Amino acid sequence: QVQLVESGGGLVQAGGSLRLSCAASGRTFSGYTMGWFRQAPGKEREFVARISWSGGSTYYRDSVKGRFTISIDNAKKTVYLQMNSLKPEDTAVYYCNVVRFGTMTSVYDSWGQGTQVTVSS
């Protein structure tokens with residue numbers, strides 16, 4: 001059974017930084033794409049960024065390009081999201097999931113507890 005555990009969220013002022021982590025377990029992820037999603041209050045969950053398991057390919061939603069960086073540590077089975085120059089509109093619960101190849105959609109319908117990111121103005 002796949003387990004994805006997010007951590008690293010918190011409260012930060014606009015312009016600040018946070019680093020999120022997603023620890024994956026329960027299966028072999030080699031060859032898969034991992035991604036981050038977020039859900040703000042009253043809004044639908046949206047794609048943020050994805051990375052191939054090799055780390056060689058990344059893709060971001062336009063609003064976070066140049067500010068967020070996704071990375072992966074294969075040995076630790078952990079995916080990271082470095083978030084810089086945070087804005088109040090980045091406030092959301094952030095989740096990780098396996099991403100369907102070449103898309104911005106998640107593979108699994110079930111989600112972990114996520115990690116709350118709150119950016120104050």
Side-chain angles (χ1 to χ4, degrees):
Q1 184 176 356
V2 172
Q3 276 198 315
L4 301 167
V5 180
E6 304 92 347
S7 63
L11 172 63
V12 64
Q13 288 187 331
S17 299
L18 282 173
R19 188 194 194 204
L20 306 184
S21 299
C22 170
S25 63
R27 67 160 297 149
T28 299
F29 292 91
S30 178
Y32 282 76
T33 298
M34 301 298 294
W36 285 95
F37 299 78
R38 66 187 180 186
Q39 187 168 20
K43 296 187 177 181
E44 292 188 353
R45 187 177 286 123
E46 64 182 15
F47 167 85
V48 176
R50 70 178 188 230
I51 187 168
S52 58
W53 193 254
S54 68
S57 175
T58 59
Y59 183 81
Y60 302 87
R61 70 178 298 112
D62 287 345
S63 62
V64 307
K65 284 180 181 177
R67 300 189 298 122
F68 290 11
T69 302
I70 189 170
S71 61
I72 194 165
D73 185 326
N74 305 106
K76 294 182 178 179
K77 289 189 177 180
T78 300
V79 183
Y80 303 98
L81 186 68
Q82 177 67 44
M83 306 186 296
N84 299 328
S85 302
L86 282 161
K87 303 176 180 180
E89 51 264 43
D90 294 318
T91 295
V93 179
Y94 283 71
Y95 303 88
C96 65
N97 206 317
V98 180
V99 178
R100 297 189 186 279
F101 180 77
T103 75
M104 297 183 287
T105 59
S106 63
V107 167
Y108 298 109
D109 294 330
S110 61
W111 298 84
Q113 83 287 352
T115 187
Q116 175 71 50
V117 171
T118 303
V119 184
S120 63
S121 57

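Bear in mind that the values here come from a model prediction, so they are computed numbers and not experimental data. The figures here come from the full heavy-atom set of this structure, side chains too, leaving out hydrogens, waters and symmetry mates.
- Residues Trp111 and Phe37 bring their aromatic ring centres within 6.0 Å.
- Arg67 contributes atom CZ, which lies 12.5 Å from atom NZ of Lys65 (distance to the nearest 0.5 angstrom).
- Not a single donor-acceptor pair under 3.5 Å links the side chain of Arg50 to the backbone N or O of Met34.
- Using a 4.5 Å heavy-atom cutoff, the side chains of Thr33 and Val98 are not in contact.
- For the side-chain hydrogen bond (donor to acceptor under 3.5 Å, both in side chains) condition, the pairs that include at least one residue of residues 11-26, sequence neighbours left out, are Ser17-Asn84.
- The backbone N or O of Val99 lies less than 3.5 Å from no partner atom in the side chain of Ser106, so there is not a single donor-acceptor pair.
- Lys77 contributes a side-chain N or O that, together with a main-chain N or O of Arg27, makes up a donor-acceptor pair within less than 3.5 Å.
- With hydrogens and angles ignored, the 3.5 Å screen pairs a side-chain donor or acceptor of Glu6 with a backbone N or O of Cys96.
- Of the possible polar contacts, one joining the Asn97 side chain to the Tyr108 backbone as a donor-acceptor pair under 3.5 Å is found.
- With rounding to the nearest 0.5 Å, the separation of OG in Ser54 from CD1 in Ile72 is 8.0 Å.
- Using a 3.5 Å distance cut-off with no hydrogens or angles, the side chains of Tyr94 and Arg38 do pair a donor with an acceptor.
- Listed here is the closest heavy atom pair of Ala92 and Ala40: CB-N, 3.8 Å.
- A chain of hydrophobic side-chain contacts below 4.5 Å, direct or via other Ile, Leu, Val, Met, Phe, Trp or Tyr residues, connects Phe47 to Tyr95.
- Residues Val12 and Leu81 fall within the same hydrophobic cluster, defined by Ile, Leu, Val, Met, Phe, Trp and Tyr side chains chained together at heavy-atom separations under 4.5 Å.
- Note: the hydrophobic cluster containing Val93 does not contain Leu20 (ILVMFWY, side chain heavy atoms under 4.5 Å, direct or indirect links).
- Thr115 places a side-chain N or O within donor-acceptor distance of the main-chain N or O of Gly9, the cut-off being under 3.5 Å.
- The aromatic rings of Phe29 and Trp53 sit parallel to each other, their planes meeting at less than 30°, with 60° as the upper class boundary.
- Taking the centre and axis of the six-membered ring of Phe68, the NZ or CZ atom of Arg61 falls outside the cone set by 45° and 6.0 Å.
- For the residue pair Thr91/Glu89, the side-chain donor-acceptor check at 3.5 Å is not satisfied.
- Remark: Tyr60 pairs with no residue by the ring-ring contact (aromatic ring centres under 6.0 Å, His included) rule, at least two apart or across chains.
- Between the Thr78 side chain and the Lys76 main chain, a donor and an acceptor come within less than 3.5 Å of each other.
- Side-chain heavy atoms closer than 4.5 Å link hydrophobic residues (I, L, V, M, F, W, Y) into clusters, and following such links, possibly through other members, connects Leu4 to Val48.
- Taking CD1 of Ile51 as the start and OG of Ser57 as the end, the distance is 8.0 Å to the nearest 0.5 Å.
- Applying the side chain to side chain contact (heavy atoms under 4.5 Å, CB included) rule to Arg100 yields the partners Thr103, Thr105, Val107; only residues at least two apart in sequence or on another chain are considered.
- Classification of Asp90 and Lys87 as a salt-bridged pair fails, no side-chain N sitting under 4.0 Å from a carboxylate O.
- A single hydrophobic cluster is not seen to contain both Phe101 and Ile70; linkage of ILVMFWY side chains at heavy-atom distances under 4.5 Å, directly or through other members, places them apart.
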